[in-house]
Amino acid sequence: MKPNAKKTPYKRIALALSLCALIVWGILGTGASLAWFTDTSPEVNNIFHFADFKLEVSHRLTDGTWEKIDGQTKVFDEEALYEPGYVQVVYLKVENKGDRDFKFSTAVIVNGCIEATNVFGQRFMLQDYLKFGLMTADTEEDLKSNIPNRETAVAIATEPLHNYYEAGAFELAPNGTKYIALIVRMPEEVGNVANYRGETIPKVELGITVKADQIAD
Amino acid sequence: MKELYNEFFYIPKHGKVKEKVMLVRTAITVIIMIVCLAVMSITAYAYFSYNVTSGSNIIKAANFEANAAIYRTDSNHKTLTVTSPGRIQTANLTAGTYAVELTKGESSAQTGFCIITIDGADYYTSQIGVDAEKGLSEASIKFTLKVSSDTKLEIRSHWGTSAYYGYADASSNSLYIENEDIIDLTASTIDIDETSPTEGQGAASETVTPESTTPTTESTISTESASTATTESTTAPSTETTIPAETIAPESTETSEPADTTEPTIPETINTEAVEQTQPATENASTEQTHIGEVQTSLWDEETLRICKENNIPLP
């Protein structure tokens with residue numbers, strides 16, 4: 001035999017194969033033993049499905065019907081012109097159309113304000129002379145009885161109009177409904193400081209958002 | 001860019017990796033991990049929340065600016081020019097009789113009134129437009145003005161309801177102008193004649209043609225009202241209204257009770273003054289001329305009696 005000839009590692013290959021066989025034998029034996037001492041019921045059905053989480057908000061029209069709100073829906077009457085003593089009440093209906101409980105809250109956001117000039121020649125923002133309020137009830141009848149007249153609406157709308165985020169959240173079960181009244185008014189005592197002159201009409205652009213969060217089980 | 005890359009990002013194939021390169025690569029990796037965690041969290045949160053938004057709700061304001069027309073009625077019926085420097089419309093009058101008409105014009109507000117300054121004295125008109133308290137809707141206010149000398153007339157438009165600013169109404173404000181009133185400034189004292197001559201007040205006034213039955217002798221303007229007109233102060237609303245809670249037009253004077261803060265207590269004072277002033281008048285029984293603050297004690301009209309009774313004011 002030549003002294004530099006390469007030896008074939010038969011021993012190593014044989015050893016590796018033996019080890020693999022030993023491991024496979026251990027796995028088979030362990031698995032079989034475990035299976036011998038367990039049992040399964042063939043009648044269990046594991047079904048996975050996605051929960052339906054859906055919120056629907058509608059606003060009440062003048063004829064008493066409800067119209068669903070989307071991003072383009074205007075809830076407030078655009079033809080309304082605010083002057084001292086003017087009050088506008090808007091009714092919203094929040095419905096849980098899904099099958100999961102959720103908590104919802106309402107936010108009023110001033111998206112923009114157009115400045116105008118008053119009779120004194122001063123610039124002013126209409127937002128500074130408006131007040132708003134918000135009330136929630138479980139049924140439409142409750143809501144109407146809570147705001148039976150203008151006086152009550154005036155008493156509720158006491159917050160200056162600004163970005164408002166409702167502090168608490170209301171829980172709503174599947175198929176549940178809540179009603180919200182949103183009131184915006186110009187107080188009677190607003191003087192000529194908000195009586196505009198010129199071509200520019202003072203305006204406030206208002207956004208209303210109802211946000212729902214799923215309740216964890 | 002290539003230099004920057006070689007400086008902070010390049011790892012040579014067979015060379016030593018620079019420390020700053022390792023730091024930069026580690027930092028970028030950490031940032032990417034944080035961003036991914038945030039995105040995952042926000043996505044998960046969004047998956048379990050739902051928003052419905054009504055975006056662009058526009059809230060607009062109305063305005064009120066009365067149009068004024070003034071013309072002579074005693075001579076050439078000439079229409080005077082009313083200038084409008086800023087918020088005040090002015091007219092310069094010479095001696096004579098004028099008809100003044102105030103209309104809503106192009107105003108988009110449903111109601112308003114005017115504050116008229118005549119030689120420094122402020123007068124307040126009734127509502128031009130909707131007056132819910134009286135159930136009226138007058139598109140204009142017309143009154144007659146008589147002056148005996150050069151007089152400057154200033155007209156300031158004011159939106160809202162005069163009662164809410166303390167200007168009250170004819171029952172408690174002697175400088176309150178209603179439709180068809182006559183303001184006679186030719187006498188030594190101010191005279192707004194609104195009563196019928198058969199009621200015995202002002203029948204013989206040389207400058208008065210009775211037009212309405214509202215008594216004139218109730219109160220004087222409070223200085224607070226005048227200052228409110230000029231400073232536009234706002235007070236807490238004290239009126240109570242009873243309009244249903246829907247989209248509601250301003251119920252301009254829909255106050256079952258006038259504003260408490262402006263409830264005039266002057267009738268008592270006026271009556272006292274009137275008593276004092278009329279004593280000489282009764283002594284000089286020949287005169288039957290009636291002026292604000294002076295009342296013939298034996299000639300209280302029914303409206304005055306009613307108001308005094310309501311306010312518990314004893315009459316002599």
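What you are looking at is a predicted structure, and each value in this text was computed from that prediction instead of being measured. Reckoned from all heavy atoms, side chains included, excluding hydrogens, waters and symmetry mates. Naming convention: chains lettered A, B, ... in sequence-line order (proteins, then strands); numbering from 1 in each chain.
Residue contact with chain B, scored on non-hydrogen atoms closer than 4.5 Å, involves the side chain of Ile201(A) exclusively. Both the backbone and the side chain of Tyr196(A) come within contact range of chain B, judged by heavy atoms closer than 4.5 Å. Neither the backbone nor the side chain of Ile183(A) comes within contact range of chain B; no heavy atoms are under 4.5 Å apart. With a threshold of 4.5 angstrom between heavy atoms, Asp213(A) approaches chain B through its backbone and through its side chain. For a residue to count as touching a neighbouring chain, one of its non-hydrogen atoms must lie under 4.5 Å from one of that chain's; by this rule Val184(A) touches chain B with the side chain only. Only the backbone of Asp70(A) has a heavy atom closer than 4.5 Å to any heavy atom of chain B.
Within a 6.0 Å sphere centred on NZ of Lys54(A), heavy atoms belonging to other residues, nucleotides or ligands number 12 at most. Within a 6.0 Å sphere centred on CD of Gln122(A), other residues, nucleotides and ligands contribute more than 12 heavy atoms.
For the options Ala212(A), Ala107(A), Gly207(A), heavy-atom pairs under 4.5 Å to chain B are most numerous at Ala212(A). Between chain B and the options Asn195(A), Thr209(A), Leu126(A), Val204(A), heavy-atom pairs under 4.5 Å are most frequent for Asn195(A).
Between Tyr164(A) and Phe132(A), the distance separating the two ring centers is shorter than 6.0 angstrom. The ring of Tyr176(B) has its center no closer than 6.0 angstrom to the ring center of Tyr124(B).
Using a 4.0 Å cut-off between charged side-chain N and carboxylate O, Asp119(B) and Lys152(B) make no salt bridge.
Residues Ser56(B) and Lys74(A) have side chains in contact (heavy-atom distance under 4.5 Å, counting atoms from C-beta outward).
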